[in-house]
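The structure follows.
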Amino acid sequence: MTPSLNAAQREAVRHDCGPLLVLAGAGSGKTRVITAKIAHLVERGVAPERIVAITFTNKAAREMRERAQDLLRRHDAADAASAVRLSTFHSLGLSIVRAEHRALGLRSSFSILDPGDLESIVGELAASADRGRTRAIQWKISQWKNALVSPEEALSAASDDAARIAARAYLGYAEALRAYQAVDFDDLIGLPVTLLDNDGAARERWQARCAHVLVDEYQDTNPAQYRLFRYLVGAATPFTAVGDDDQAIYGWRGATLDNLAALPRDYPQLRVIKLEQNYRSTVRILRCANALIGNNPKLFDKRLWTELSHGDPLRVTPAADDEAEAEMVVHRLLAHRFEHRSRFSDYAILYRGNHQARVFETALRAQSIPYEISGGTSLFERTEIKDIVAYLRLIANDDDDPAFLRAIAVPKRGVGQATLRQLGEIATARKVSLFAAVFEPEAAGTLGARTKSALAEFCALINGLRHRAGHEPAGRLLDDMMRGIGYADWLTSTLDRKDAITRTQSVDDFIGWLSRKGEADGRSLLELTQMIALITMLEGRESGEGDGPDAVCLSTLHAAKGLEFPHVFLVGLEEGILPHREAVEAGNVDEERRLMYVGLTRAQRSLQLSYCRSRKRAGGKVDCAPSRFIAELAQDDLRHSGEPLSADEATRAKNSGNARLAALKALVAR
DNA sequence: TAGAGATTAGTTTTT
DNA sequence: CTAATCTCTA
């Protein structure tokens, strides 16, 4: 059926009647196996809509759908591919919450809050102006949710003041969300789990919808996701979990390799198939990657091999500082491109933290080299888009106070702080939303005439649109909404020309995109509104088929997972950066090593590593030591440029190696 | 309400 | 020490 699968891949595709774990090394044709398996299942007569494939990103989901479609097209079954339930964990969760909103005590028009809203809610609850603390609490709440810990449980388990404060914030936060008829990202997993925990009928209903469940990047699942997955497959549904323990890099987000370890325990008939042949990288690159990851404890033994050529040694280059590094990389890139007549899009520059991108951007721009930053600020994070989305959310759900606050403030309409405070008091006293508070008798008494008419006009606009939202096409509604708000006029009157034009343009793009989306999928305004919250990346750009502009890719190591490039520059390989200082202190060096491993295995033909001898921080320059990971590579496959390590640095590298060993021992002892 | 000046924080990854 | 955010003033 499918052309050129190797033996292990073929076996993974054909094993379709029981639980299966595919350990897919980097570049081993993982996506190929998943898509071939979907096609295989369809051909075997499994109803496409009962095939559930789960990925972590929208991008991965899209790629899979396209590739499955290509495979099935050869069998005149392309439309079967569009019937397959292929979605991210979060959008699957959203479908469940949507379908079961009643049982969960939510109206059908619930909102999905964005991280900004969450921050202000938590900030208010924690009564601290300190952003760092607010974010720490917010992070803690998310951890609790991912681990399926309720506010009450968190509170009773809290042993110190900090934990108690966070737990109390969590409690208030949960109440606030309920009052707003809103859910956050984590709830999209947590609420379905709660439902399936308590409702046997719902469990059966959802299990009946799954004839086969496939999970991609299984090593990145957190406890909540694993529980959801287990409910979906029940006791008898065959599944295919595809993952690689060596590429688990989301531990900080609550993902745990326990889920991988638990699989053989929870499913004794589990079949395990390893994909070890790599189709991506040269021998030298793989030897280095294998040597590096060999320093990690193994869950499953696995060693990548390839039939590809030996390739060139990996080049390791020190630079004086980050600017020198960027300049060096850009020069090498230009020279390499000239010599090999390659395209800019054949190159990627990968780094640990987003902030490291800046110097490289500057250096690239200085040479007029086109580049693309993956994971930069997305379209949906821009203020003007958030403003519009606030209106959409408010139309869908007038209990959504955060949306009310944002929408009423832009454009300015004579409703200010004082009015909002009064409304807030009324809302609290009456236990209603801010929107509803406008219609309470107190509001009529305390507010001024002009304020009242402004509020009335605002509410009439929202209500009018809401009434039409059920039956009119989203496109017309959106146009009327924009006219009603007068957003474009407000932009032109308050901003300078250039800024106004950019923002109007991005608003227009957004509205246009949304209308097309609504038309194409026949979605209502409400569904569109809930969908927006899930789309965090701008990859939905329908810019023709041309595989994008020819541009160098700048990306964090995290965002680069799943991608591949002929030529890769891995930069900033210093102690404190990779491995990151915090991770070292927390004893998480293994995950940092996997991050490095992910970086190495992105490269197909050439790989260049670099680090800085010093880096400016807090004004002065700070000396940096090369990352311990460089010393862990296959030294025969490296070529050091510039001066070799000084005696001092060699000692330091050795010491850091010893420290690692000690930390490892401590970890095992614990 | 916008712009200039002051102040303060800077420690990682994101669905 | 720099850069971004906040605050105060015109």
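Values reported hereafter were calculated over all heavy atoms of this structure, with side chains retained and with hydrogens, waters and symmetry mates removed. Residue numbers begin at 1 in each chain, while the letters A, B, ... track the order of the sequences.
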Tabulated below should be each protein N or O lying under 3.5 Å from an N or O of nucleotides 11-13 of chain B; please produce it.
{"unit_1": "B/dT11", "atom_1": "O2", "unit_2": "A/Arg581", "atom_2": "NH1", "d": "3.3"}
{"unit_1": "B/dT11", "atom_1": "O2", "unit_2": "A/Glu582", "atom_2": "OE2", "d": "3.4"}
{"unit_1": "B/dT11", "atom_1": "N3", "unit_2": "A/Glu582", "atom_2": "OE2", "d": "3.4"}
{"unit_1": "B/dT12", "atom_1": "O5'", "unit_2": "A/His580", "atom_2": "NE2", "d": "2.8"}
{"unit_1": "B/dT12", "atom_1": "O2", "unit_2": "A/Arg352", "atom_2": "NH1", "d": "3.0"}
{"unit_1": "B/dT12", "atom_1": "O2", "unit_2": "A/Arg352", "atom_2": "NH2", "d": "2.5"}
{"unit_1": "B/dT13", "atom_1": "OP1", "unit_2": "A/Asn354", "atom_2": "N", "d": "2.6"}
{"unit_1": "B/dT13", "atom_1": "OP1", "unit_2": "A/Asn354", "atom_2": "ND2", "d": "2.9"}
{"unit_1": "B/dT13", "atom_1": "O2", "unit_2": "A/Trp252", "atom_2": "NE1", "d": "3.1"}
{"unit_1": "B/dT13", "atom_1": "O2", "unit_2": "A/Arg352", "atom_2": "NH2", "d": "2.6"}
{"unit_1": "B/dT13", "atom_1": "O2", "unit_2": "A/His558", "atom_2": "NE2", "d": "3.2"}

Nearest-angstrom distance from the residue atom CG of A/Leu92 to P of B/dT15: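 Rounded to the whole Å, the gap is 17 Å.
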
Value rounded to 0.5 Å, distance of CG in A/Leu573 from CZ in A/Arg628: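 The CZ atom of A/Arg628 is 13.0 Å from CG of A/Leu573, to the nearest 0.5 Å.
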
Close side-chain approach of A/Ile121 and A/Leu113, heavy atoms under 4.5 Å: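 Yes. Closest side-chain heavy atoms under 4.5 Å.
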
Sugar-phosphate only, base, or nothing, as touched by A/Arg358 at under 4.0 Å among non-hydrogen atoms: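 Sugar-phosphate: the residue A/Arg358, judged by heavy atoms under 4.0 Å, touches backbone atoms but no base.
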
Distance in angstrom units between A/Asn222 CG and B/dT15 C1', rounded: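 The answer, rounded to whole Å, is 10 Å.
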
Between P of B/dT14 and CG of A/Asp184, the distance in whole Å: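 Taking atom P of B/dT14 as the reference, CG of A/Asp184 is at 19 Å.
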
Salt bridge (charged side-chain N to carboxylate O under 4.0 Å, His left out) between A/Arg67 and A/Glu63, worked out: CA-CA 6 Å; A/Arg67 289 178 59 172; A/Glu63 190 191 342; 3.3 Å; yes

Integer-rounded Å distance: B/dT15 P and A/Lys145 NZ: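 For the pair A/Lys145 NZ and B/dT15 P, the rounded distance is 18 Å.
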
Euclidean distance, atom CG of residue A/Leu118 to atom P of B/dT14 [Å, nearest integer]: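 Between P of B/dT14 and CG of A/Leu118: 17 Å.
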
A/Glu457 CD: over 12 foreign heavy atoms closer than 6.0 Å: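 At most 12 heavy atoms, drawn from other residues, nucleotides or ligands, come within 6.0 Å of this atom.
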
Atom P, compared across B/dT13 and C/dA4: separation rounded to whole Å: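 The answer is 15 Å between these two P atoms.
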
Whether A/Tyr218 and A/Tyr226 hold their rings parallel, tilted or perpendicular, with breakpoints at 30° and 60°: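 Perpendicular: the ring planes of A/Tyr218 and A/Tyr226 meet at over 60°.
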
A/Arg615 CZ - B/dG10 P separation (whole Å):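 Rounded to the whole Å, the gap is 18 Å.
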
Euclidean distance, A/Tyr487 OH relative to A/Asp387 CG, rounded to 0.5 Å: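 Separation between the atoms: 3.5 Å.
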
